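The chains referred to below are lettered A, B, ... by the order of the sequence lines, with proteins before strands, and numbering in each begins at 1. Since we're looking at a predicted model, the values are computed, not measured.
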There are 2 protein chains.
Amino acid sequence: MSIATLNAAALAQRLADSGLRATPQREIVYDMLLKKRDHPTADEVFARVKAARPTISLATVYNCLQTLVSCDLVRAVNFERGPTRYCPNLRPHAHFHDEKSGQTHDIDLPPRLLEKVRSVLPRGFAAKSVEITFHGQARHASR
Amino acid sequence: MSIATLNAAALAQRLADSGLRATPQREIVYDMLLKKRDHPTADEVFARVKAARPTISLATVYNCLQTLVSCDLVRAVNFERGPTRYCPNLRPHAHFHDEKSGQTHDIDLPPRLLEKVRSVLPRGFAAKSVEITFHGQARHASR
DNA sequence: GCCTTTCTTTAGAATAGTTCTAATTACTAC
DNA sequence: GTAGTAATTAGAACTATTCTAAAGAAAGGC
Ligand SMILES: [Mn+2]
Ligand SMILES: [Mn+2]
Ligand SMILES: [Zn+2]
Ligand SMILES: [Zn+2]
């Protein structure tokens, strides 16, 4: 069984859990995110998907991305007011935004550190999520 | 000497350092941010300033806010794709976004913690800034 | 297998927040 | 005062995203 088939099955399961249907559009959008994990924008995803399925619309790409986010298969990532980027990495991680190259890098976060960060919250603050973002410059081009 | 006068002097200094002029618009925008530190949007600042200076334009408010940010007197704060909010708190701090009330709270960050967070960056990553944002719900209404 | 209902996709219009443009006004330097 | 520069202003333009309404696809009942 191929990786794509496994992903498709996992996706179908998650969608079903939310009462949603697996569609070719949702599958291909998810596959593209998994194939090139460079935090693309909706426009970039649209361009990549269009190459394989020319009839897809931008609205559908937005719909699919929202759906994937709501199923917790994909994270929406924002830097200032730039276009939203999409990340299929489900491990706890921060984002490093390279201002020079525009590239976004995943930075794994040890659970201990996340605990420490959460512990700065005074009594009465219940955080559902913590986001850590670095801005700067990275030396290597990397993958 | 009044607090407002002191702020105005500090502002004039910072502006001069950047080769910019102190103007009534820049002063009043900065004063409004200092007076009510609730992380207002540009529109909200516009409404507050307009009450005291009815001829000011929204474009000018945007210009002044950008100027204050570029002088490092004010921080621009973004949550997802919502309108940018403005924060005159210069201490190192994180933001807690209360999804229920829409309020934004400042969370002071001990320097030691910031160091720890920066230390997760692999060699080659030079961060000019670190942003920490919590999303959740806060118990008390607070200021 | 049809019928009905519900979900999804699609193209294009609409929206929100912000920036740009070009004209006017206000300073500053000489 | 005059010339040159900087700042403000109103409105147009722009970008990313969501909405709308129509058409298409899938599922369930019988
Ligand atoms: Mn950035
Ligand atoms: Mn939020
Ligand atoms: Zn990521
Ligand atoms: Zn703040």
Side-chain angles (χ1 to χ4, degrees), chain A residues 8 11-12 14-32 39-50 52-71 73-86 102 104, chain B residues 8 11-12 14-32 39-50 52-71 73-86 102 104:
Chain A
L11 169 60
R14 285 298 191 100
L15 288 167
D17 291 348
S18 305
L20 300 170
R21 295 175 187 165
T23 66
Q25 288 89 343
R26 285 168 180 169
E27 282 173 15
I28 196 170
V29 165
Y30 187 42
D31 276 352
M32 288 296 175
H39 302 85
T41 63
D43 265 337
E44 288 166 347
V45 173
F46 179 50
R48 292 173 196 181
V49 169
K50 208 161 206 266
R53 176 172 256 269
T55 58
I56 199 168
S57 75
L58 178 57
T60 298
V61 169
Y62 272 104
N63 290 341
C64 291
L65 290 169
Q66 276 188 197
T67 300
L68 294 172
V69 168
S70 76
C71 291
L73 285 167
V74 168
R75 256 173 78 175
V77 178
N78 290 279
F79 301 116
E80 289 94 56
R81 294 198 53 79
T84 300
R85 299 176 167 278
Y86 296 88
T104 302
Chain B
L11 169 59
R14 286 297 190 100
L15 288 168
D17 292 349
S18 305
L20 300 171
R21 296 177 185 163
T23 66
Q25 288 88 344
R26 284 168 178 171
E27 283 173 15
I28 197 171
V29 165
Y30 187 42
D31 277 352
M32 287 296 175
H39 302 84
T41 63
D43 265 340
E44 287 165 348
V45 173
F46 179 50
R48 291 173 198 182
V49 169
K50 210 163 206 268
R53 176 172 256 270
T55 58
I56 200 168
S57 74
L58 178 57
T60 297
V61 170
Y62 272 105
N63 291 340
C64 292
L65 289 170
Q66 277 188 198
T67 300
L68 294 171
V69 168
S70 75
C71 291
L73 285 165
V74 167
R75 256 171 78 175
V77 178
N78 291 279
F79 300 116
E80 287 96 54
R81 294 198 52 79
T84 299
R85 298 176 169 277
Y86 296 89
T104 302

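As a whole-Å value, the separation of Glu44(B) CD from dG17(C) P is 10 Å. Rounding to whole angstrom units, CG of residue Leu20(A) and C1' of dT8(C) are separated by 10 Å.
At least one side-chain heavy atom of Leu11(A) sits less than 4.5 Å from a side-chain heavy atom of Leu68(A). With contacts defined as side-chain heavy-atom distances shorter than 4.5 Å, the pair Asp43(A)/Val61(A) does not qualify.
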Base versus backbone protein contacts along nucleotides 8-22 of chain D [heavy-atom cut-off under 4.0 Å; B, S, -]:
SBB-----SBB----
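Panel note: side chain Arg26(B), backbone Arg21(B); a donor-acceptor pair is recorded below 3.5 Å.
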N/O donor-acceptor pairs under 3.5 Å from side chains in residues 76-86 of chain A, not counting sequence neighbours:
| residue | atom | partner | partner atom | Å |
| --- | --- | --- | --- | --- |
| Asn78(A) | OD1 | Thr84(A) | OG1 | 2.9 |
| Glu80(A) | OE2 | His135(A) | ND1 | 3.4 |
| Glu80(A) | OE2 | His135(A) | NE2 | 3.4 |
| Arg81(A) | NH1 | Gly82(B) | O | 2.6 |
| Arg85(A) | NH1 | His39(A) | O | 2.7 |

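For Arg75(A), there are no salt bridge (Lys or Arg N to Asp or Glu O under 4.0 Å) partners at least two apart in sequence or on another chain. Applying the side chain to side chain contact (heavy atoms under 4.5 Å, CB included) test to Gln25(A) and every residue at least two apart in sequence or in another chain returns Thr23(A), Arg53(A), Ile56(A), Thr60(A), Cys64(A). Partners of Tyr62(B) under the side chain to side chain contact (heavy atoms under 4.5 Å, CB included) rule, at least two apart in sequence or in another chain, are Ala42(B), Leu58(B).
For the pair Pro40(B) and Val45(B), the tightest heavy-atom approach, listed with the atom from each and the gap, is CG-CG2, 3.7 Å.
Comparing the helix axis at one end of the helix from dG1(C)-dC30(D) to dC30(C)-dG1(D) with that at the other, each defined from 5 consecutive pairs, gives an inter-axis angle of 30° (nearest 10°).
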